[in-house]
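Single-structure report; data block below.
A, B, ... follow the sequence lines: proteins, then strands. Residue 1 opens every chain.
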There are 2 protein chains.
Amino acid sequence: MSEDQPRRRSERARLAILQATNDLLHENGLDAFSIEAVAARAGVGKQTIYRWWPNRAILVADALLDRDDIGPVPPRNTGDVAADLSRWAGDLAASLGSPRGAATLRMLTAAAIESPETSRRLHEKFSGPLQELATARLAAADDLRTTPGQRRHAVDAIIGFMVFRVQAHQDLTRRGATEMARMVLRGLR
Amino acid sequence: MSEDQPRRRSERARLAILQATNDLLHENGLDAFSIEAVAARAGVGKQTIYRWWPNRAILVADALLDRDDIGPVPPRNTGDVAADLSRWAGDLAASLGSPRGAATLRMLTAAAIESPETSRRLHEKFSGPLQELATARLAAADDLRTTPGQRRHAVDAIIGFMVFRVQAHQDLTRRGATEMARMVLRGLR
DNA sequence: ACCAAACGAGACGGTGCGTCTCGTTTGATC
DNA sequence: GATCAAACGAGACGCACCGTCTCGTTTGGT
């Protein structure tokens with residue numbers, strides 16, 4: 001968000017905008033969300049928002065990803081891949097399956113569908129790291145030899161399971177995700 | 001869509017609206033989509049649309065689900081569960097992974113996030129039947145004894161894998177889905 | 001032939017969009 | 001400390017759609 005420009009940007013305004021965006025999203029949902037409301041709530045001119053965020057979807061993604069409601073957590077390495085990754089899956093499910101986590105994930109998904117650039121950013125900051133961390137743990141396993149293709153399939157099955165459950169408004173529990181991950185990993189040997 | 005009313009509804013208008021909705025969605029995408037444009041394109045009064053569809057999301061879902069771009073296909077039963085279900089997964093991936101199928105799935109997802117009622121309808125007409133058909137095939141397997149919980153996990157992992165790949169704009173091929181399903185099913189025994 | 005419901009058309013007030021001035025503040029540079 | 005251009009808060013602007021509301025007109029069941 002603040003990479004190349006050599007200018008003076010107001011940090012106060014930036015934080016107020018992100019805060020107002022998060023508040024409004026969790027109060028009224030993505031549908032009722034408007035730039036106008038953010039400007040009013042943040043005590044900021046609309047131009048200031050449009051100057052730094054090209055559209056609504058990117059602002060939404062930026063604000064949600066700045067929070068640590070949900071975030072890419074690395075799996076441990078105790079030497080037992082199945083145990084490490086099923087535990088990791090359980091933790092992730094606990095986070096994404098909570099009311100707030102699920103709401104955040106759904107809004108992020110909608111924002112990603114709204115704009116390809118947002119999709120890229122979401123993948124760069126969340127799903128991408130998640131995939132990499134898990135495949136890396138799989139690749140580092142001494143007790144399980146796998147091909148890169150197999151690793152991608154297994155990891156995407158585990159992540160996809162959770163994404164699908166949340167989006168279909170079906171329950172996603174730590175226990176269910178743990179069992180499911182163990183099952184997928186069993187298929188890997 | 002036409003269940004309880006004893007009134008006289010114009011079939012001509014209904015079809016024109018669904019057709020116009022599909023056309024506009026695939027021409028301009030979900031963002032640019034408006035009821036106003038549908039009315040103009042279909043040669044219909046706005047009131048006629050609002051009379052039968054309570055909101056934009058439900059109209060979108062109805063129109064997209066009326067098409068057979070994507071649809072719940074049953075797996076075969078040749079006696080070999082792994083072969084049947086991995087083939088089924090491959091067929092589904094070929095459908096959802098195509099440009100048109102992927103676009104449809106993404107718009108349906110966005111519509112489902114927009115309105116809970118749409119989410120319910122999407123699940124009722126698409127993901128629900130998909131889950132049931134696949135779990136039924138698993139349950140009918142002579143060569144593989146599974147618990148209901150295991151069946152749900154396996155099926156949701158396979159479906160979730162595809163949904164996730166499409167939404168993350170990652171490639172979803174028949175071959176990848178086939179291999180992935182085979183892997184999950186291997187974990188089931 | 002009757003008649004009420006559904007229809008096409010479009011006017012209406014309201015809301016938020018994205019752009020565009022304003023005059024004011026701010027922070028890097030001299 | 002004075003200078004000065006960029007960023008700022010505020011809000012006016014025209015525009016696109018929203019969802020509701022009349023209008024006559026058409027339609028299909030009785």
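- Interatomic distance, R76(B) CZ to R137(B) CZ, rounded to the nearest 0.5 Å: 12.0 Å.
- Across the protein-nucleic acid pair, I17(B) atom CD1 and dA9(C) atom C1' stand 14 Å apart, rounded to whole Å.
- In this entry the distance linking CD of E11(A) with P of dA6(D) reads 21 Å, nearest Å.
- Atom pair Y50(B):OH and dA5(C):P shows a separation of 23 Å (rounding to whole Å applied).
- Q167(B) and T109(A) form no side-chain donor-acceptor contact under 3.5 Å, judged by distance and modelled atom types alone.
- Checked against dA6(D), dT27(D), dG9(D), the side chain of R8(B) finds its nearest nucleotide in dT27(D).
- Look at CZ on F33(A): it is 12 Å from C1' on dG16(C), rounded to the nearest Å.
- R51(A) has its CZ atom 13 Å from the C1' atom of dT21(C), to the nearest Å.
- Distances shown here put a side-chain N or O of W52(A) below 4.0 Å from the OP1 or OP2 atom of dC8(D).
- For the pair L24(A) CG and dT15(C) P, the interatomic distance rounds to 17 Å; values are reported in whole Å.
- Rounded to an integer number of Å, the gap from E36(B) CD to dC12(C) P is 14 Å.
- In this model, the phosphate group of dG9(D) is approached by a side-chain N or O of T48(A) to a distance below 4.0 Å at OP1 or OP2.
- In terms of polar N and O atoms assigned as donor or acceptor, the side chain of K46(B) comes within less than 3.5 Å of the base of dG19(D) in a complementary pairing.
- Within 6.0 Å of the CG atom in D143(B), the count of heavy atoms belonging to other residues, nucleotides or ligands exceeds 12.
- Between R12(B) and dG8(C) there is a side-chain polar atom (N or O) within less than 4.0 angstrom of OP1 or OP2.
- Atom-to-atom, CD1 of I49(B) to C1' of dG10(C) comes out at 14 Å; the value is rounded to the nearest Å.
- Comparing dC17(C), dC18(D), dC8(D) against the side chain of I35(A) picks out dC17(C) as the nearest.
- Remark: D69(A) engages R100(A) in a salt bridge, criterion side-chain N to carboxylate O under 4.0 Å.
- A cation-pi arrangement is not found for R14(A) relative to W52(A), the charged atom failing to lie both closer than 6.0 Å to the ring centre and inside a 45° cone about the ring normal.
- Residue contacts shown for R56(B) are absent, as no nucleic acid heavy atom lies under 4.0 Å away.
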